[in-house]
Every structure is written in structure tokens, then in C-alpha cells.
Amino acid sequence: MDPPSEATHEPVRATGSTSTPSVRRRVDHTASSYYPEIISILKGTFKLSHFRKNQLECITATLDGKDVFYLAPTGGGKSLCYQLPALCSTGKTQGTTFVISPLLSLIEDQVSTLRKKGINAFRLINTVDADQANDAMPRLRKGESLPLVYTTPEKLLGSNNVQDIVVQLYNQKQLARFVVDEAHVIGGWRVWRESYASLGILRKQWPDIPIMALTGSANMSAIEDIKESLALRNPVCLKQSFNRSNLYYKVKKKPSQKKELLKEIAGFIQSHHKDDTGIIYCLSRDDCEDVARRLREEFNLSARHFHAGMDRDSKRINQEDWSNGKCKIIVATIAFGMGIDKPDVRFVIHATMSKDMDGYYQETGRAGRDGEPSDCVLFYAYSDAMKIQNMLKNPHDQNNKPPPDEIQRQLERLSAVVAYASNEGDCRRVAILRHFDEEFDEAECHKSCDNCCKPGTVVNEDHTETAQQAVQLLRDMSNCSRERGIALTMFKDVWRGKKGATVSAYTGLPGYAAASKLDHRMIDRIVTQLLYSNIFTTRRTTSGNGFGNNYLEVCNFSLLSRLSD
Ligand SMILES: Nc1ncnc2c1ncn2[C@@H]1O[C@H](COP(=O)(O)OP(=O)(O)OP(=O)(O)O)[C@@H](O)[C@H]1O
């Protein structure tokens, strides 16, 4: 992953605003007047021998007072890009670097790791513990000069005391830069989290203070969102390939019985990763606890759970024990991971699919940060997609329900994961990288995904006509049904031509048994495709006894022409 030496830096990729064409020019960053100090801090304080790709360019640009947008894969080394310049006394910027981070746990981790390295980092958050050794506020009030202060957007923008201090630093020319870490949050999972979305205020309030935005996951439209929301000014844009060549991607059909799923997971770990460290992602908190317990009790595996509903101490203990190897497997919701810097994670298993490709990339990206080969296995079931779809449409916390267009966006993101997981032919790496608008030649995969390892060549088949038959059949079934709706299994039974009393109402329809010669996996794929093309939809009803049913309906017949595109 690392480039060979400082002397071989790539030229700055693209300089200028989005409206300005990219300028490719060779810049020797080692010739800058800041370089001697930069290299001395790299070696002396961070104990590193050379920069990774784009790190020096990023550091030099921010010390020059420019805005920077920095995109690197998870584990790519983004933190150094703002931690190091914060410690520099040369450069056009002086004083405090404010790092804005979305999660308190991330802030706590970063600050304590830096303090252990002897770096003067502090936190500016609402703390409840008595230990104030890492708190910035009392020191800033006393007028102490702090190089690196981690905070949340809510604290930075919402507290008058903090605002007064920032004004004071600004007036004293001691406000070096704002760093927006995990910038994909701006356009991502909590776009309606107002404080993160309104970080554009920074530019309005402090127009001449440089801003650096960093993310490990953003495609072209997300990048534009971030630049626009933060009002970045002619940012220096530094991008790295998202390909993680040491990760092996695999999708497996998820068994419908949990017992079978656990057997498969445990079997995989015992045969491929005995004594290795790994992460298993589950959808719900209960599931995490149950899976961890059963892996311990039934398979003798060293597993613990982690989710946001645990008390602080239990979370800390489980995370620490996993980090230092006392426990090998952490079974977690997506609450686990941001900011985790464990290099030797050898496998990431998704017991349930992710809600979007960004999440999937981030979560799998926690494997193999040391560059060594590691496995990423996703257990996919269409029923999980339906479950997540229902959760997105009907969130538990109705008061925090996103607006309808945001829900629609989330459903579209989910459909990208369904398309990825149900694709049994194309290179996984091509699909993942396409999500980040990166073109990738599948020959470069070198058989490091399940689809590229399959024998034979991929055959393209056109199933438009079959899909049209399916749509007609569902319409006919809905017209003659006396039930409350057509359940998915009933539809498939009729299409396949099942015999018996349960389907007798539909055996006279022209589409009955039309798919009798189709493989059941192909039937599933066509129905999935129709659902995710918004031609079919599902309607959920809850009966008096509290049980829910999903009924299949034709939603938009006119979209059917899209299938033949
Ligand atoms: N120039 C370098 N040489 C060697 N190791 C480096 C270098 N830069 C960073 N690292 C190491 O790489 C690891 C990942 O760095 P970092 O935590 O900054 O990644 P990141 O890009 O922020 O990833 P994520 O988004 O997943 O948090 C760390 O252990 C860090 O010490």
C-alpha cells in the first residue's frame, strides 16, 4: 500500500474548483520551505519513515493556507494529514486546528491515542467523567495555545462559550484550520443531522480560515455535495484508488435457519481463520448478543458482542479485549468500527447485508489494514433486504423519521447492495469501485473475488419477456384474488406451476406455470430485479394478532420498458 519513498510522489491530481479544468503539473513538495520541519515531525514525533501517497501534498497544501479535499480508502492514513500540520510552526497557518468529528467515541479514542504518543491533543465535548486531563475548555479559557482540538459539530456551532473562544483565537490570528473528518456524513446516513449539514457556516463566519475535508468513502456526487456544503474554495483535491487489493470478496446465500447460518459462519472461521481476529456484523442488538453467545457456547469460539445499547464500561471492556487480542471475534452492529485502527483484522463477515454500498465498503475496509490478505464474506438473503426496507420506511423512532425524499434515497442505496449481492457473474471489485465512480479492469482482480473464481465464462441472457410475463401474471392474480393481497410465495408458486388446493384459484390464468422450466434462483433474481426497478412493490399489512404480511403488487407497469434498455 505504501509508495516506496518520499521522492516518488505523484503530481497533484487536480487543483482548482470543480468548474476549473484539472491542471496536471509536477510540484516538488520536498522543495517547500516547510519540508524540513514536516519530515522532522514525521520521523521524530510519529516515528514513521516515509509518507504514503498524497499525504505530503495534503500537508503542504494546508500549511499553504489552501482548502483540501482528501479522499483515501479506510486505513489509508488520513489522520496524519491534519495531525502533522497541526504541530508545525512553519507554514502560513498558526495556532489551533479544530478537528470536527461525528462521534464522541471516535474523539475519545483519537485523543487518548495521540496523548499516549506525547502529542498535545485535547477534546472539546460535553464530558461527564471527572477526568479532565484531556479537556480543552479550561486551557483555552486560560489562553493556553493548543495545537489540536477535537470537537463535534454540535459543540462547535451550538455553544456560545466555544464561539467566544473561536472568535478570540481568530482575532489573535491563532485559528489555524478546520478539519471535517468523516466528511461523508454530510451527505450520508444523517443528512438531516442539522449540525453536520450546517458546517457551511464555518466558511461564512471565518472566510479566510482553511478547511480540510477528509473521507474514506464518497462517490462523485457525494464529493460535490461535500464541497458545496462546506463551501470549499478552489480545494486541492487528492484522491486515491479505492481498490483494496488484499481483500477477498465473497457473497454467500444466507441459510434461512439461524442454526445453519451459525454453523456456516463457525465452520468458515474454524477452517480458514482459527485464532484470527475478525468482525461479524449483524443488523440488530439482540442478534449481536445471541450470535456472540451461541458462537461461544455451541462452537467454543472467542466471541463478544458490541452495540450502541450497551453501557459505557461493557462497551469499553469488549472493545479493549478485542483490540488487544483477549477476545478474537467481535459481533457488532454498525455502531462498531469508526475509528478502530486494528491492523490485523483477518475477516469481516456480514451476517446481514449492509444498508448501502458506502457502509459495506467502510465495514469490509476494517479488514486487512496491515495490507495482508483478508476475507470479506457477505451472507445475502432477499428477506433481509425486505426487513431493512421496512425498517427504513417505518423507523422505530418516528420522531426522528427522515423526510420522504431521504427515505427514497436510502431505499435506492439499499437497492445498490441488493444488485451487488445478487449478481453472480460480474467481478465484485468492479462493482464496488464503480460505486465510487472508479473504473477498474476485472483482469486486475486476479481472482480475488468469488465471481472471478467461478469456472467458465459469463453468459449474458435477456429475460425481458419472462419479466413481462411475470408482471402480467401478478396483475391477473390481483384481479381475480379474493384474498387481501398476493403473498410473494403464492406468486412464485403460481408462476412455477405448483399443484394443489392453495393455488387452485389461479390455475386457469394464462401465466400459470409459465416459469416451470426456470431455475428457482433465476425466478428469485427476476422478482428481485422487478422489485428494485420499482415495477413490483410490496405492501405490508399487520393483522389483528400483530403478525405482519408482505403482499406483492405491480407498482409501475410503464417502467417495464426499462428492463429492455
Ligand atoms: N506514512 C505512513 N507510514 C506508515 N503507516 C502510516 C502512515 N500514515 C498512516 N499510517 C498508519 O496507517 C494506519 C491507518 O491510519 P489512519 O487511522 O489515519 O487511517 P484512516 O485513513 O483515518 O482510516 P479510517 O478512515 O478507517 O479511520 C494507522 O495505523 C497509521 O499509523
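What you are looking at is a predicted structure, and each value in this text was computed from that prediction instead of being measured. Both ligands and their constituent atoms are indexed starting at 1 by order of listing.
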Visitor: Please verify whether a non-hydrogen atom of G76 lies at under 4.0 Å from ligand 1.
Guide: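 Within the 4.0 Å threshold, so yes.
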Visitor: So, regarding G77 and ligand 1 (criterion: nitrogen or oxygen to nitrogen or oxygen, under 3.5 Å), is there a contact or not?
Guide: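 G77 vs ligand 1: N/O contact under 3.5 Å present.
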Visitor: Please report whether ligand 1 has a polar contact with K117, defined as an N or O pair separated by less than 3.5 Å (distance criterion only).
Guide: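 Not met; the criterion fails.
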Visitor: Indicate whether the side chain of Y34 and that of D64 have a donor and an acceptor atom separated by less than 3.5 Å.
Guide: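 Yes - a donor-acceptor pair under 3.5 Å links their side chains.
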Visitor: So is H50 close enough to ligand 1, meaning a heavy atom under 4.0 angstrom away?
Guide: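 The answer is yes: ligand 1 sits under 4.0 Å from a heavy atom of H50.
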Visitor: Does ligand 1 have an atom that lies less than 4.0 angstrom from a heavy atom of G216?
Guide: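 Outside the 4.0 Å threshold, so no.
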Visitor: Would S89 and E37 satisfy side chain to side chain donor-acceptor pair (under 3.5 Å), going step by step from the backbone distance to the final call?
Guide: CA-CA 8 Å; S89 54; E37 188 187 21; 3.0 Å; yes
Visitor: F51 heavy atoms, cut-off 4.0 Å: which ligand 1 atoms fall inside?
Guide: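 Matching atoms, with element in brackets: 1 (N).
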Visitor: Sub-3.5 Å donor-acceptor pair from the side chain of K252 to the main-chain atoms of V377, do we have one?
Guide: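 A pair under 3.5 Å: no.
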Visitor: Under 4.0 Å from ligand 1, counting heavy atoms only, is it the side chain of R369, its backbone, both or neither?
Guide: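 Near ligand 1, R369 shows its side chain, while the N, CA, C and O stay back.
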Visitor: Between Y380 and Y420, do the side chains contain an N or O donor and an N or O acceptor separated by less than 3.5 Å?
Guide: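 There is no such pair between these side chains.
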Visitor: When you compare ligand 1 with S79, is there at least one nitrogen or oxygen pair between them that comes in under 3.5 angstrom?
Guide: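 For ligand 1, there is an N or O atom that lies under 3.5 Å from one belonging to S79.
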Visitor: Considering Q83, K47, R52, K78, which one's heavy-atom position lies nearest to atom 12 (O) of ligand 1?
Guide: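 The option holding the nearest heavy atom is R52.
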Visitor: May I ask you to decide if E320's main-chain N or O and N324's side chain share a donor-acceptor pair within less than 3.5 Å?
Guide: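 Yes; at least one donor-acceptor contact below 3.5 Å.
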Visitor: Using 30° and 60° as the class limits, which term best fits the ring planes of Y82 and Y150: parallel, tilted or perpendicular?
Guide: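 The rings of Y82 and Y150 stand perpendicular, inter-plane angle above 60°.
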Visitor: Does either side chain, that of H305 or that of N318, offer a donor lying less than 3.5 Å from an acceptor on the other one?
Guide: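 Checked: H305/N318 side chains show no N/O donor-acceptor pair below 3.5 Å.
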